[in-house]
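All figures in this text were calculated on a predicted structure; none of them were measured in a lab. Per chain, numbering begins at 1; letters A, B, ... match sequence-line order.
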2 protein chains.
Amino acid sequence: MKPVTFTCKGNSVDPNEIGQLSVEACKKRLAELSKGLAHPTRVEIVRMLENKPLEERCVCGDIVNALPLAQSSVSQHLKVLKETGWIQGEIDGPRVCYCTVGGIMEYYLALIKRSLKGE
Amino acid sequence: MKPVTFTCKGNSVDPNEIGQLSVEACKKRLAELSKGLAHPTRVEIVRMLENKPLEERCVCGDIVNALPLAQSSVSQHLKVLKETGWIQGEIDGPRVCYCTVGGIMEYYLALIKRSLKGE
DNA sequence: ATCGTTTATCGTAGATGTACGATAATAAGG
DNA sequence: CCTTATTATCGTACATCTACGATAAACGAT
């Protein structure tokens, strides 16, 4: 039985896993995630998705409509955010429902602390 | 009377100032600082400077020696870090003593929280 | 003044980023 | 099957990034 509202659950990350990464891996991962945030449009997208209530799905089209960019440009930004590990998309019929990777902000915060301080 | 050890003090930032920024300004600033960290070499430089003891100065040449890059390439990364607000340099004779902007990590952490959550 | 040290800047080449319109791909509905 | 809706990808143009060697600029010391 298919639910009426499609909520995006998917993958999540755990800040505790950071301790197992090598210092070198930490730096690379931090640089990668930072690249994801290195454009105001992408900050806005992550912000949007991070503040969505769980029961409210966020479809690609909603994101496009909320931004003053062409659909193809938004799609490119979404791709960067997916590749750098900030968001994930679940296909729902002809649509794609996007959400942030679970706990990614806390993960990023922990990664900064571990990468910039310590050792 | 000139001190024997040259310590880099300079500017600092206060996370409390973030509350005064507009949301739009927050996003731009976060994107900018993120761009600074968006390369492993620059993460390493910030890490080096952030972990230096106060009495130990960090001259440009030390940074160059610690990295497997040409001097001109390191200089470019330092420029990016300066422009994005992570570090500052003080001229000391023929040398330049670099250090992080005071409290910049805490500022960045606070900026992430304010920009991605809230409102 | 000249020299050596240190750092920034220039010039260049190749890769990547950013924006757009056009087109392809996928799925639902008739 | 054909159309519509939705999203990804392609092709393109221009800007920015990243690396290097070469050169310039600033300063201390001889």
(message) Please tell me if H77(B) has a side-chain N or O lying less than 4.0 Å from either OP1 or OP2 of dA19(D).
(response) yes
(message) Would you compute the distance between atom CG of L49(B) and atom CG of L78(B) and round it to the nearest 0.5 angstrom?
(response) 8.0 Å
(message) As an exercise, state the distance from OG of S73(B) to CG of L67(B), rounded to the nearest 0.5 Å.
(response) 10.0 Å
Heavy-atom donor-acceptor pair, [X] side chain to [Y] backbone, under 3.5 Å:
X      : Y      : answer
S75(A) : Q71(A) : no
R42(B) : L37(B) : no
D62(B) : C58(B) : no

(request) Could you label the plane-to-plane angle of the Y108(B) and W86(B) rings as parallel, tilted or perpendicular, counting under 30° as parallel and over 60° as perpendicular? (result) perpendicular
Atom-to-atom span, [atom1] of [X] to [atom2] of [N] - whole angstrom:
X      : N       : atom1 : atom2 : result
D92(A) : dA5(D)  : CG    : C1'   : 13 Å
L81(B) : dC17(D) : CG    : P     : 13 Å
L69(B) : dA8(C)  : CG    : P     : 15 Å
I87(B) : dT7(C)  : CD1   : C1'   : 13 Å
E90(A) : dA27(C) : CD    : C1'   : 17 Å

(message) For DNA chain D, which residues of residues 35-46 of chain B approach it to below 4.0 angstrom with any heavy atom?
(response) K35(B), H39(B), R42(B)
(message) For nucleotides 7-13 of chain D, give me one character per nucleotide, 5' to 3': B if any protein heavy atom sits under 4.0 Å from the base, S if the only such contacts are to the sugar-phosphate, - if neither.
(response) BBB----
(request) Answer with yes or no whether the hydrophobic clustering places V80(B) together with V46(B); edges join I, L, V, M, F, W, Y residues whose side-chain heavy atoms lie under 4.5 Å apart. (result) no
(request) May I ask you to check whether E50(A) and T100(A) show a side-chain donor-acceptor distance below 3.5 Å? (result) yes
